[in-house]
Amino acid sequence: MSDAPPIRSRRPGLPVGARIIAVVVLTATGAFGAWLQHDPPGRSAEPRTEFTATNPPAGLPTTLTTGQHLHWSRCTSPSTARTGYDCATMKAPLDYRRPEGRTIDVALIRREATGPNARRIGSLVLNFGGPGVSGVSGLPGFLNQYEPLLDRYDLVSFDPRGVGATIPVRCGKTVDDTGYDGADACAEYSGALLPYLGTSHTARDLDLMRYLLGDERLHYFGVSYGTALGAVYAHMYPSHVGRLVLEASVDPTEDRDEEQISQVKAVQAAFDRFAAHCAAHVRHCPTGDGPEEAARRMARLADRLEKKPAPAGPGRSLDADDLAYAVSDHLDLGADGWAPLAKALTALIDHNDGRPLSKGADDIGSAERAATPRDNSRAARTAITCADSSLRPGFARLDRDEARVKAASPVFGAAWSSGVYLCYDWPFDGERATLQVSADGAAPVLVVGGTGDPITPYSGARHMARALGDGVGVLLTAEEEGHGTYPQNRCVTGAVDHYLRTGRTPTPGTVCRGGMS
């Protein structure tokens with residue numbers, strides 16, 4: 001194919017939830033209230049003490065380990081990071097099988113801890129999802145969600161391989177073209193990089209980063225795709241696992257095709273819940289009297305937009321696929337996105353005005369799409385996904401898989417179905433069909449799942465906790481709509497913060513009540 005189909009990004013969302021699944025229910029009050037206490041804010045006046053680790057990654061030359069030091073200085077890009085943040089670059093092998101060979105520069109960003117040295121735990125490395133999302137741009141955009149942890153941790157993020165300022169993948173026809181012109185363009189302009197962009201390579205970068213940050217063990221918070229990276233790290237380096245939070249988890253038991261089916265079913269279920277709420281609570285609900293009528297109205301709307309896209313602002317239009325993705329972006333927000341979605345659909349259906357729906361989707365994803373030196377997120381997302389997945393189906397299977405995705409959702413199936421073609425002509429083999437995440441001997445890893453998540457279904461969190469291994473994966477369930485529950489659900493926030501501060505996980509099977517309780 002000459003162009004890549006859209007890929008649903010697995011990224012941090014806002015509220016989420018659903019139904020009771022586990023055996024223990026903790027409310028956000030009572031005994032749980034003690035977990036909600038934070039240390040007093042304010043930067044310490046004492047001189048900062050840098051930490052030093054004694055366990056460098058094995059097999060690397062000393063020039064990259066004991067001989068390398070991170071030189072932090074004021075960030076010059078993005079503009080949102082020019083005040084209060086430090087940036088650095090880390091040298092890492094392009095190919096860890098040949099560590100003495102070519103090196104790459106990994107772009108890092110840091111917000112220093114505000115608490116006293118004696119109470120500082122170390123660095124908390126954050127990955128905000130994707131794949132293809134810049135952490136250098138993401139940390140300023142998402143800082144407010146994690147700021148209460150600054151009293152105990154430096155908050156650190158980075159541009160993974162292929163993304164932003166870290167060996168950015170180029171799949172456009174010119175140096176300044178950050179678009180995606182197909183697999184052949186990726187091979188022509190970035191062929192030397194493509195075999196080294198998979199999640200396992202980035203996990204190796206994480207271990208080198210851990211050492212250079214001065215931590216004996218990695219403390220990490222990964223959301224959506226970031227859970228895949230964190231789990232692969234735990235599998236590869238179980239003895240280096242510190243306090244790991246995996247929120248809105250991907251499903252390690254599913255290959256990419258199975259993931260497509262699960263995701264489109266989950267987003268359809270979220271839309272059905274929106275439609276039922278709209279019918280019950282919104283006067284002149286644009287989706288009618290319930291999910292069945294909503295599906296019919298959305299089909300008619302999609303057909304109309306396919307024939308003639310709606311205007312969506314200067315130089316923009318909204319077609320049938322755009323409709324599906326914009327609606328999904330609103331569902332990412334959980335119940336908070338329902339009222340804006342109803343208003344935006346009314347404007348589109350009654351007045352052929354696509355601006356509210358498009359603008360709402362843009363605003364929801366604005367932090368993820370924050371400008372980097374070159375925002376190559378689509379090309380990077382494709383390259384990382386195909387580097388990870390070994391599936392290279394033939395045309396017969398492609399046709400069958402496309403039909404399966406379409407049949408799985410009357411509203412979103414057609415838009416999602418093009419994703420089955422993503423890697424079929426990719427010029428390099430992928431690593432594996434499913435994630436390898438067993439981490440026997442690792443410290444407990446906290447896996448957080450929302451029962452109404454429309455992007456990474458709740459079953460993925462259950463499977464992730466189980467696959468990490470007995471005594472390793474600890475599942476925390478949130479009865480919430482939307483993609484991601486931290487810090488919107490107070491109970492989840494208390495449990496996660498308590499774990500990150502003390503290393504003590506909640507009781508396995510804990511359920512946090514929320515909007516779906």
Side-chain angles (χ1 to χ4, degrees), residues 1-10 130-132 162 169 171 179-188 190-191 194-195 197-200 225 228 250-269 271 295 298-299 302-303 305-307 319-325 328 378-436 454-457 459-460 463 467:
M1 295 181 69
S2 61
D3 193 16
I7 314 165
R8 286 302 299 152
S9 175
R10 297 177 300 199
V169 171
C171 299
Y180 184 86
D181 290 322
D184 289 344
C186 292
E188 181 177 356
S190 295
L194 298 183
L197 300 182
T199 299
S200 66
Y225 163 77
V250 302
D251 192 330
T253 69
E254 292 184 334
D255 64 29
R256 199 174 60 80
D257 289 345
E258 294 165 338
E259 181 185 64
Q260 287 273 104
I261 297 290
S262 295
Q263 187 184 88
V264 79
K265 288 180 177 179
V267 73
Q268 179 66 52
F271 179 78
M298 292 294 287
D303 185 61
L305 295 174
E306 191 64 33
K307 295 173 181 175
D319 65 16
D321 282 355
D322 296 329
L323 169 67
Y325 291 118
S328 174
R378 187 179 183 192
R381 188 175 301 152
T382 304
I384 295 167
T385 299
C386 297
D388 280 350
S389 175
S390 62
L391 294 184
R392 300 292 186 266
F395 283 109
R397 177 170 173 174
L398 286 169
D399 289 343
R400 184 176 70 249
D401 289 344
E402 183 180 23
R404 288 176 63 215
V405 176
K406 286 182 177 178
S409 167
V411 175
F412 304 96
W416 260 246
S417 66
S418 59
V420 304
Y421 294 94
L422 183 65
C423 301
Y424 90 96
D425 60 349
W426 196 250
F428 298 97
D429 293 336
E431 288 191 14
R432 36 77 183 157
T434 59
L435 290 174
Q436 302 300 307
I455 300 302
T456 50
S459 57
H463 294 158

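One-based numbering along the sequence shown.
Atoms CG and OG, on D399 and S417 in that order, are 11.0 Å from each other to the nearest 0.5 Å. Rounded to the nearest 0.5 Å, atoms OG (S389) and CD1 (I384) are 13.5 Å apart. With values rounded to the nearest 0.5 angstrom, D184 atom CG is found 6.5 Å from D425 atom CG.
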Under 3.5 Å, sequence neighbours excluded: what are the donor-acceptor pairs made by side chains of residues 401-415?
residue	atom	partner	partner atom	Å
D401	OD2	R397	NE	3.1
E402	OE1	Y421	OH	2.8
S409	OG	Q268	OE1	2.6
S409	OG	V411	N	3.4
S409	OG	F412	N	2.9

Could you walk me through whether Y180 and C186 pass the side chain to side chain contact (heavy atoms under 4.5 Å, CB included) check? CA-CA 8 Å; Y180 184 86; C186 292; 3.5 Å; yes
Worked check of side chain to side chain contact (heavy atoms under 4.5 Å, CB included) between D251 and S459: CA-CA 7 Å; D251 192 330; S459 57; 4.3 Å; yes
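Looking at every heavy atom in both residues, W426 comes nearest to A183 through CE3-CB, 3.9 Å. Annotation for C423 and L391: closest pair CB-O, 4.2 Å, computed over non-hydrogen atoms. Between L197 and G162, the closest heavy-atom pair is CD2-N, 3.8 Å. Between C171 and A379, the shortest heavy-atom contact is SG-CB, 3.7 Å. The minimum heavy-atom distance linking V250 with A228 is given by the pair CG2-CB, 3.9 Å.
Looking only at distances, a side-chain donor or acceptor of T385 sits under 3.5 Å from a matching main-chain atom of R381. One N or O on the side chain of D388 and one on the backbone of T199 form a donor-acceptor pair closer than 3.5 Å. Under the 3.5 Å distance criterion, the side-chain polar atoms of R256 are matched with a main-chain donor or acceptor of G419.
Under the 3.5 Å distance criterion, with hydrogens and angles disregarded, no donor-acceptor pair is assigned to the side chains of T434 and E254. A donor-acceptor pair shorter than 3.5 Å cannot be found between the side chains of S390 and E431. No side-chain donor from either of Q260 and W416 sits under 3.5 Å from a side-chain acceptor of the other. A donor-acceptor pair shorter than 3.5 Å cannot be found between the side chains of Y225 and T456.
The closest side-chain heavy-atom distance from R432 to L435 is below 4.5 Å. Contact check for S328 versus I455: side-chain heavy atoms found under the 4.5 Å cut-off. Side-chain contact between L194 and P427 is present, with at least one heavy-atom pair separated by less than 4.5 Å. Looking at P393 and V420, their side chains never come closer than 4.5 Å, going by heavy atoms from C-beta outward.
Atom CG of D429 is surrounded by 12 or fewer heavy atoms from other residues, nucleotides or ligands within 6.0 Å.
Not a single side chain to side chain donor-acceptor pair (under 3.5 Å) links E306 to another residue, sequence neighbours left out. Shown here are the side chain to side chain donor-acceptor pair (under 3.5 Å) partners of R392, two or more places apart in sequence or in another chain: there are none.
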